[in-house]
Amino acid sequence: MLGATGTIGRATVRALVARGHEVVCFVRPHARVGGEPASADRERRSSGATLRFGDVTDATSLARDGFCGERFDALVSCLASRTGAPRDAWAIDHRAHVVALDAARRAGVTQFVLLSALCVQKPRLAFQQAKLAFERELIASGLTWSIVRPTAFFKSLSGQIERVRNGKPFLVFGDGTLTSCKPIGDDDLAAYLVDCLDDASLQNRVLPIGGPGPAITPREQGERLFALLGREPRFKQVPVALLDVIVRVLAIAGRAVPALAAKAELARIGRYYATESMLVLDPSTGRYDADRTPSTGTETLFDFYARVVAGEAAPERGDHAVF
Ligand SMILES: NC(=O)c1ccc[n+]([C@@H]2O[C@H](COP(=O)([O-])OP(=O)(O)OC[C@H]3O[C@@H](n4cnc5c(N)ncnc54)[C@H](OP(=O)(O)O)[C@@H]3O)[C@@H](O)[C@H]2O)c1
């Protein structure tokens with residue numbers, strides 16, 4: 001298992017162990033779990049999985065410290081660049097996966113389950129190109145493969161709970177109905193990833209997948225939050241043109257200062273999610289289609305909001321959250 005310390009990776013380790021799989025996770029040496037440096041012993045006791053440490057970008061480390069000359073049945077990867085910046089994305093989402101695929105094959109692996117993203121169906125960003133490039137290599141690899149392309153995660157749609165709780169308005173682009181999505185919960189997505197190991201109907205397929213219930217807009221997310229908090233809805237509309245200006249200014253400044261070029265890409269990522277729905281794109285119409293977006297699982301975003309408001313769950317900060 002790769003990416004075992006991320007949001008979906010942690011949920012996937014839990015699901016794998018719960019279904020009786022023997023799980024070995026290959027993580028960075030400085031990986032921190034629960035705020036403390038990870039230790040192989042503690043992790044084995046707490047999660048039921050074995051933790052091994054090394055560098056996922058290095059073929060020698062993967063073989064020596066990860067696979068350790070043992071035979072494995074499958075590789076499940078929730079590995080992804082944490083920033084989405086072009087260099088990081090090509091190093092992790094593409095290159096590290098190519099190296100891991102090769103090392104896995106040598107270790108006898110015959111099956112690969114890859115967590116990708118639905119947004120690669122309309123690739124405009126460097127990290128999407130990097131993911132697509134590896135998807136193509138995996139499809140051509142000869143292994144049994146499943147490429148899971150989920151919609152939006154709860155953490156990416158929970159960044160405003162605190163500000164609304166603190167009496168501030170809910171920020172939306174345009175009127176808050178420019179996009180919609182069928183968000184998917186961490187545990188529901190993890191269960192689906194694990195299903196791919198045994199369910200032949202999920203193999204050798206690209207699998208777009210969302211959560212249960214109808215597609216919802218950012219405005220509906222805000223309305224539900226205000227209702228749960230017992231407050232009058234209050235929205236502040238942000239013009240998309242503002243993001244366009246930020247992208248353009250950073251792109252020009254980035255020609256002189258490389259750090260600003262990276263910031264320009266992050267602004268492009270923000271603009272992409274402000275205007276593109278996380279639903280399956282109908283190739284015949286070029287429109288996003290909620291009915292063509294398959295659903296799995298039981299937890300809705302609004303169930304999650306209710307748990308957060310009740311203090312029963314805490315949202316993580318989404319890496320690409322705009323607000
Ligand atoms: N956010 C959304 O709404 C959304 C929607 C659809 C699809 N997705 C996709 O889902 C995937 C996973 O998302 P996530 O939120 O679970 O990811 P995440 O929490 O950011 O976790 C990323 C994982 O990759 C590992 N990683 C990153 N860089 C590494 C490096 N240089 N060396 C070793 N390990 C490295 C991280 O390890 P460390 O803990 O050591 O950093 C972590 O285990 C991504 O491909 C994302 O594009 C996201």
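We count ligands from 1, going down the list as the structure has it; atoms in each ligand are counted the same way.
Between Phe302 and Tyr305, the angle of the ring planes lies from 30° to 60°, which puts this pair in the tilted group. Using bins of under 30°, 30° to 60° and over 60° for the plane-to-plane angle, the ring pair Tyr273/Phe127 lands in the tilted bin.
Between the side chains of Ser146 and Gln203, not a single donor N or O lies within less than 3.5 Å of an accepting N or O. Thr296 and Asp188 share no donor-acceptor pair across their side chains, judged by distance under 3.5 Å alone.
Residue-ligand proximity, Leu115 to ligand 1, at heavy-atom distances under 4.0 Å covers atoms 10 (O), 11 (C), 12 (C). Listed by atom number, the atoms of ligand 1 under 4.0 Å from Ser156 heavy atoms are 1 (N), 2 (C), 3 (O). Ligand-side atoms of ligand 1 in range of Thr5: 36 (C), 37 (O), 38 (P), 39 (O), 40 (O), 42 (C), 43 (O), range being under 4.0 angstrom from any heavy atom. Shown in contact with Val56 at under 4.0 Å from a heavy atom are these atoms of ligand 1, numbered in order with element: 32 (N), 33 (C). Close contacts of ligand 1 with Ile8, meaning ligand atoms under 4.0 Å from a residue heavy atom, involve 16 (O). Near Lys155, meaning under 4.0 Å from any of its heavy atoms, are these atoms of ligand 1: 14 (P), 15 (O), 19 (O).
Across the listed options Glu316, Arg28, Arg10, Met1, Arg28 owns the non-hydrogen atom lying nearest to atom 33 (C) of ligand 1. Taking only non-hydrogen atoms, the option from Ser116, Ala80, Gly54, Ala11 nearest to atom 9 (C) of ligand 1 is Ser116.
Residue-to-ligand polar distances keep Ala117 apart from ligand 1: every N/O pair is separated by 3.5 Å or more. Remark: ligand 1 and Ser81 share no N or O pair separated by less than 3.5 Å (distance only, no angle test). Between Gly6 and ligand 1, at least one pair of N/O atoms sits closer than 3.5 Å. Polar contact with ligand 1: present for Gly3 (N/O pair, distance under 3.5 Å). For Thr151, no nitrogen or oxygen atom sits less than 3.5 Å from a nitrogen or oxygen atom of ligand 1, counting backbone and side chain alike. For ligand 1, one of its N or O atoms has an N or O atom of Arg82 under 3.5 Å away.
Under a 3.5 Å cut-off, the side chain of Thr151 and the backbone N or O of Cys181 do not form any donor-acceptor pair.
With a 4.0 Å cut-off on non-hydrogen atoms, Thr7 touches ligand 1 through its backbone as well as its side chain.
When all heavy atoms are compared, the tightest approach of Val194 to Ala15 is CG2-CB, 3.8 Å. Across all their heavy atoms, Pro29 and Phe53 have their closest contact at CA-CD2, 3.8 Å.
For the pair Val120/Arg149, a side-chain contact is recorded, criterion being any heavy-atom separation below 4.5 Å from C-beta on.
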Practice problem: Report the C-alpha separation of Val56 and Arg28 in whole Å, then their side-chain angles, then the decisive distance to 0.1 Å, and conclude whether the side-chain contact (heavy atoms from CB on, under 4.5 Å) test is met. | Solution: CA-CA 8 Å; Val56 74; Arg28 307 197 229 202; over 6 Å; no
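No heavy atom of Leu118 sits closer than 4.0 Å to any atom of ligand 1.
Of the charged side-chain nitrogens involved, none lies within less than 4.0 Å of a carboxylate oxygen, so that Lys168 and Glu162 do not count as a salt-bridged pair.
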